[in-house]
Amino acid sequence: MKRYELMAPCHFGLESVLKKEIIDLGYDVSKVEDGRVTFVGDAEAVCRANVNLRTAERVLIKVGSFHAETFEELFQGTKSLPWEDFVPKDGKFWVAKAASVKSKLFSPSDIQSIMKKAMVERMKSHYHTEWFEESGEKFPVRVFLMKDAVTVGLDTTGDSLHKRGYRKLTSKAPIAENLAAALIMLTPWRKDRILVDPFCGSGTFPIEAAMMAANIAPGMNREFLSMEWPHLIPKQLWYDTFEEAREAVNMDVETDIQGYDMDPEMVRIARENARLAGVEALIHFQVRPVQQLSHPKKYGFIITNPPYGERLEEKKDLPALYAAVGERYKNLDAWSLYLITAYDKVEQDIGRKADKNRKIYNGMMKTYFYQFAGPKPPKKNGPKGA
Ligand code: SAH
């Protein structure tokens, strides 16, 4: 099978997590840049990456790259790429997104229209036609300009990969599913450890954790744009990929995953989302304010996304709320606490300095992932006599 360079964009700050996921899936990573990991794979890799990657935003096939400081160079560079290898004569093609950083060319709409013209010119001479109906399948193109280096990719995914299909209903400020998954993966939490989200909202953290525990691939129950590209990806590869994902599921896994929220409507929504994700049996949801958080066992994890005062009237309540988190956390025995928030007085209110603190961009919003590590549990199967 033909080998491609595949590019997977992700949240800024989480490239290392995505890189590890790609390596675990069995592919060689060739480049890690801000917000993007590039790896090598064939058509089957396109299917497996789309279905299995929990932390990527989408999967692009790299069409090519070139240097451009002027629109003429952008036009010529785009025209020199082998579009006919990807887009059939009746395909609908356009530049869906242009992103430019530290480059001479920066106007997305100009970049988009010039590239489209160049693609048309290229395809005209290849397909010997003056006019394209564009009545067939979709081929959206994404382009990144970084210091005048133009990288062009074909989007194989369609709707962003964070849309797993289970979150029909959301809270006011839901965390993206791929971001939640990446944050869980940044912690030492594994399926045999306790996980509690005391501000669970629509249930994203508990649901993502339960899907990991049961080995449910995030893209098992959704579709991808390139499923309609049989000339590039034979249908059988998709069937095999979904089959592989179905066989990997293990619903007999033993877990202790809980989600609480003070708002009964949120708890109802979280339960419904968990049902849609197929993990309702693995999560215990309950209406409970954080002020009443407790757990009898040791060595658990709190992984959560507390309110951070998006609206002014909520801001005044934050010190007391975070102090309550700190207070309840102190009463848990040997637990670890992980929270992502845009609120900047977390350590002050909780009364402890975080062991680690990682900057993460949630869309355009700068947030921090505060990590308070607890002790590790003693090894269960240590050497005899130990
Ligand atoms: N990660 C969630 C969003 C969390 S938003 C998601 O993906 O949907 C914060 C949540 O905290 C809201 O649902 C709100 O109802 C809840 N909340 C606010 N104050 C609380 C308190 N004192 N105790 C428990 N939950 C609270």
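Just follow the structure's listing: the first ligand is 1, and inside any ligand the first atom is 1. Side-chain atoms are counted along with the backbone in the values below, which use heavy atoms only and exclude waters and symmetry mates.
Phe139 approaches Phe86 most closely through the heavy-atom pair CE2-O, 3.5 Å. When all heavy atoms of Ala96 and Pro140 are compared, the pair lying nearest together is CB-CB, 3.9 Å.
A salt bridge links Glu177 with Arg167: the distance from a Lys NZ or Arg NE/NH1/NH2 to an Asp or Glu carboxylate oxygen falls below 4.0 Å. In this structure, Glu280 does not pair ionically with Arg275, as no charged nitrogen and carboxylate oxygen lie closer than 4.0 Å.
Selection from Ala176, Pro306, Pro198, Cys200 by nearest heavy atom to atom 2 (C) of ligand 1 gives Cys200. Compare Asp261, Leu179, Asp263 by their heavy atoms: the one nearest to atom 14 (C) of ligand 1 is in Asp261. Summarising the contacts of atom 20 (C) of ligand 1 with Met262, Glu265, Arg167, Met266, the nearest heavy atom is found in Met262.
Remark: ligand 1 atoms within the under-4.0 Å shell around heavy atoms of Val290 are 21 (C), 22 (N), 23 (N), 24 (C). Those atoms of ligand 1 with a heavy atom of Leu321 less than 4.0 angstrom away are 22 (N). In summary, the atoms of ligand 1 found under 4.0 Å from a heavy atom of Thr204, numbered by their order in the structure, are 6 (C), 7 (O), 8 (O). Atoms of ligand 1 found under 4.0 Å from any heavy atom of Asn305 (numbered from 1 in listed order, with element): 1 (N), 2 (C), 3 (C), 4 (C), 9 (C). Short contacts between ligand 1 and Ser202, defined as distances under 4.0 Å to a heavy atom of the residue, involve ligand atoms 6 (C), 7 (O), 8 (O). Ligand-side atoms of ligand 1 in range of Ala173: 3 (C), range being under 4.0 angstrom from any heavy atom. For ligand 1, the atoms sitting less than 4.0 Å from at least one non-hydrogen atom of Ile175 are 1 (N), 6 (C), 7 (O), numbered in the order shown with element in parentheses. Less than 4.0 angstrom separates some heavy atom of Arg288 from each of these atoms of ligand 1: 24 (C).
Between the side chain of His284 and the main chain of Tyr260, no donor-acceptor pair closer than 3.5 Å is present.
Sparse packing is recorded around CD of Glu223, with 12 or fewer heavy atoms of other residues, nucleotides or ligands lying under 6.0 Å away.
Within the 4.5 Å cutoff, side-chain heavy atoms of Met123 are placed close to those of Phe132.
A cation-pi arrangement is absent between Lys356 and Tyr370, since the terminal nitrogen or guanidinium carbon is not both under 6.0 Å from the aromatic centre and inside a 45° cone about the axis. A cation-pi arrangement is absent between Arg358 and Tyr368, since the terminal nitrogen or guanidinium carbon is not both under 6.0 Å from the aromatic centre and inside a 45° cone about the axis.
Heavy atoms of Asp197 found under 4.0 angstrom from ligand 1: none, in either backbone or side chain.
At the top of the distance list for atom 26 (C) of ligand 1, counting protein heavy atoms only, stands Phe199 CD2, 3.4 Å.
Of the polar atoms of Pro307, none of the N or O atoms is found under 3.5 Å from an N or O of ligand 1, judged by distance alone.
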